[in-house]
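Written out below as structure tokens is the structure these notes cover.
These numbers come from a predicted model, not from an experiment. First the proteins, then the strands, lettered A, B, ... as listed; each starts at 1. The figures that follow rest on heavy atoms only: side chains count, while hydrogens, waters and symmetry mates do not.
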Amino acid sequence: MKEVRVRYAPSPTGDPHIGNIRSAIFNWLFAKNKKGKFLVRIEDTDQARLVENGIQKQKDSLKWFGLDWDEIYIQSERLKIYSKYAQQLLEEGSAYRCFATQEELDKLREKQKKSGRITRYDSRYRNYDPKLSKERSKAEPYVIRFKSPQKGITKCLDNIRGEIKFNNKEMDDFIIIKSDGYPTYHFANVIDDYLMNISHVMRAEEWLPSFPKHVNIYNSLNWEMPIFVHLPMILAPDKTKLSKRHGATSVEEFKQAGYLNSAMFNFLVLLGWALDDKTEFFTVEELIKVFDINKISKSPAIFNKEKLDWFNGRYILNSKYDDFAKEINNYFKQFLDIKKYKAIQNYNINDISIMIKERCKTLNDAIMLTEFLYQKPKFKSKYEIQIMCDNPEQCQTILTSSIESLNDIQEFTIENIESILKSLMTKLKVKPKNLLGTLRIIITNQKISPPIFNCLYILGKKESIKRIQFAIDYL
RNA sequence: GGCCCCAUCGUCUAAUGGUUAGGACACCACCCUCUCAAGGUGGGAAUACGGAUUCGAAUUCCGUUGGGGUCACCA
């Protein structure tokens, strides 16, 4: 059996899209499963759409997911190769020069539209005299077009869909080399896949309509084709192509929103692939073992953010406290403003981890849950403080005796805080809501917070008492 | 509009001719509980429609409908 060699072929035209990364993951997993090679090929043949750091962004995203590559190529460095094969096709009569200008083509298209016909290049230079063509090429700009078959059908084999037939009369003579000398995707892609010995082409389903173009190039060059696998699309909840207007689409955005690479990896793999009817948590190692391209589904998958959140929450929940501590610290460092980050350094990050881990769906939740550490309470009215109590007197009593109780604690641990406050509740004959609820409000200034005992512990005895005193003074 | 692909709970999916059509997210109810989560228990929820083949169809075939993709000197 031939060595498995697969590739991820992004164009460096922006932030890596989550759908593309899913393709990369499938390719990578398949390569690892078959002990083959995973290549990255930067398809930068459109000079107009290049973006600054485009290549680096692609690399960074792959690295974030741990998708390491065995070889990397950049198409713009391979222009001579494409040109060579274009020349060959030219000489063999499988391609021809076209001197039609942009305006000319626009006019043609407009005319076709007006008369209700489909818009398509009319092959006007297909039978142009080769000698004349060569002569004009010395002085005039031109493109090279592929001579598509005009009769019959082109059969295309997709690994998950079977044979797909296209009527050749639908095909036009598409461009393979642009007037700036760069190849188009259709051409460079085929040439490179062949020269790089790619065994399986796993790419997005959007390529299906241009599949026959690629097949015809292989045929005219007499090249053996790789196995093609067209991956189902990832759609937005409105069932259209996932794009900016639906929210986050790039890896960077998800990272910033506080998602873990491991959770996203797991979630993304299950969009269009499943092992069986029950397994949903996989480590990368397990995935490498069980990944099977024959289990890739045909139908598109809708990107379900709730499920991603759930996955992320599970990954956080199942992580070790010190690992999670590192994650949030890292996240705070990157995405919290410096002042707040510095303020939070005053507290033990491991204690914070213990306090909030099971409450976080994303790392971003950690910001909200720890805000009280550096944001001193502010009250708008007495009522705000008294809201959890049955009456103002009770509130007063709770606050003053809480200070006494906390003061009595020798070792300020979560357990000690809990037991002393619980016995205080019994002594004062107040409900948990009265005492703990009130403390929650005056300590964190929020109705929702991590467990109050943990909050007090992290703040420390001094600061805790200070905040209670502050509330008493406000009454 | 032409061409192409697709069709199981709202969503991700399992079941490759025989299952009470399974699981997960989400939702609802109850339990637990210092709030919020987490956890536990239970619940509602799907084979788009119509034919054909077959003893038997979610599964095979045909059609209809619906959705998507694509029609550039972009990938």
Quiz item: Within the structure shown, what part of the strands sits under 4.0 Å from Gly313(A) by heavy-atom distance: base, sugar-phosphate, or nothing?
Solution: nothing

Within residues 173-182 of chain A, those residues having any heavy atom closer than 4.0 Å to RNA chain B are Ile175(A), Lys178(A), Ser179(A)

side-chain hydrogen bond (donor to acceptor under 3.5 Å, both in side chains) filter on Thr13(A), not counting sequence neighbours, yields Ser11(A)

Reckon Thr279(A) touches a base, only the sugar-phosphate, or nothing at all at heavy-atom distances under 4.0 Å? nothing

Sorted by number, residues from residues 38-52 of chain A placing a heavy atom under 4.0 Å from RNA chain B are Glu43(A), Thr45(A), Asp46(A), Arg49(A)

For residues 95-108 of chain A, the side-chain hydrogen bond (donor to acceptor under 3.5 Å, both in side chains) pairs (sequence neighbours left out) are Tyr96(A)-Asp173(A), Arg97(A)-Ser133(A), Glu104(A)-Arg124(A)

Any base atoms under 4.0 Å from Arg120(A), or only sugar-phosphate, or nothing? Heavy atoms, all strands. nothing

Applying side-chain contact (heavy atoms from CB on, under 4.5 Å) to Asp277(A) and not counting sequence neighbours gives none

Listing, residues 210-218 of chain A side-chain donor-acceptor contacts under 3.5 Å, not counting sequence neighbours, or none:
unit_1, atom_1, unit_2, atom_2, d
Ser210(A), OG, Trp207(A), O, 3.2
His214(A), ND1, Arg203(A), NH2, 2.9
His214(A), ND1, Ser210(A), O, 3.4
His214(A), NE2, His186(A), ND1, 2.8
Asn216(A), ND2, Thr154(A), OG1, 3.4
Asn216(A), ND2, Pro212(A), O, 3.0

Counted 5' to 3', the first and last nucleotides of RNA chain B within 4.0 Å (strictly under) of a heavy-atom of chain A are G2(B) to A75(B)

Next item on the list: Answer with base, sugar-phosphate or nothing: what part of the nucleic acid does Lys431(A) contact at a heavy-atom distance below 4.0 Å?
Entry: nothing

- Given the C1' atoms of A14(B) and A24(B), what is the spacing between them in whole Å? 11 Å

Next item on the list: Rounded to whole angstrom, note down the C1' distance from U41(B) over to A46(B).
Entry: 24 Å

| task | Indicate, with a heavy-atom threshold strictly under 4.0 Å, whether Ala188(A) touches base, sugar-phosphate, or nothing. | result | nothing

In whole angstrom, give me the gap between the C1' atoms of A15(B) and G22(B). 7 Å

Sorted by chain and residue number, the salt bridge (Lys or Arg N to Asp or Glu O under 4.0 Å) partners of Asp44(A) (sequence neighbours excluded) come out as none

Across all chains, not counting sequence neighbours, the side-chain hydrogen bond (donor to acceptor under 3.5 Å, both in side chains) partners of Glu252(A) are none

Those residues at least two apart in sequence (or on a different chain) that pass side-chain hydrogen bond (donor to acceptor under 3.5 Å, both in side chains) with Ser262(A) are none

Spacing of the C1' atoms in C49(B) and G44(B) (rounded, Å):
25 Å

key: Span that lies between the C1' atom of C9(B) and that of C71(B), in whole angstrom   = 36 Å

- Item | Sugar-phosphate only, base, or nothing, as touched by Met388(A) at under 4.0 Å among non-hydrogen atoms | nothing

Is the Phe281(A)-Trp310(A) ring centre distance short of 6.0 angstrom?
yes

Pairwise C1' distance, U11(B) and G67(B) [rounded to whole Å]: 15 Å

Exercise. Lys433(A) near the nucleic acid: base, sugar-phosphate alone, or nothing, with a heavy-atom cut-off under 4.0 Å?
Worked result: nothing

Contact check, residues 435-454 of chain A vs RNA chain B, heavy-atom distance under 4.0 Å, returns Leu436(A), Arg440(A), Lys447(A), Ile448(A), Ser449(A), Pro450(A), Pro451(A), Ile452(A), Phe453(A)

The complete set of side-chain hydrogen bond (donor to acceptor under 3.5 Å, both in side chains) pairs with one or both residues in residues 420-433 of chain A, sequence neighbours excluded, reads Glu418(A)-Lys422(A)

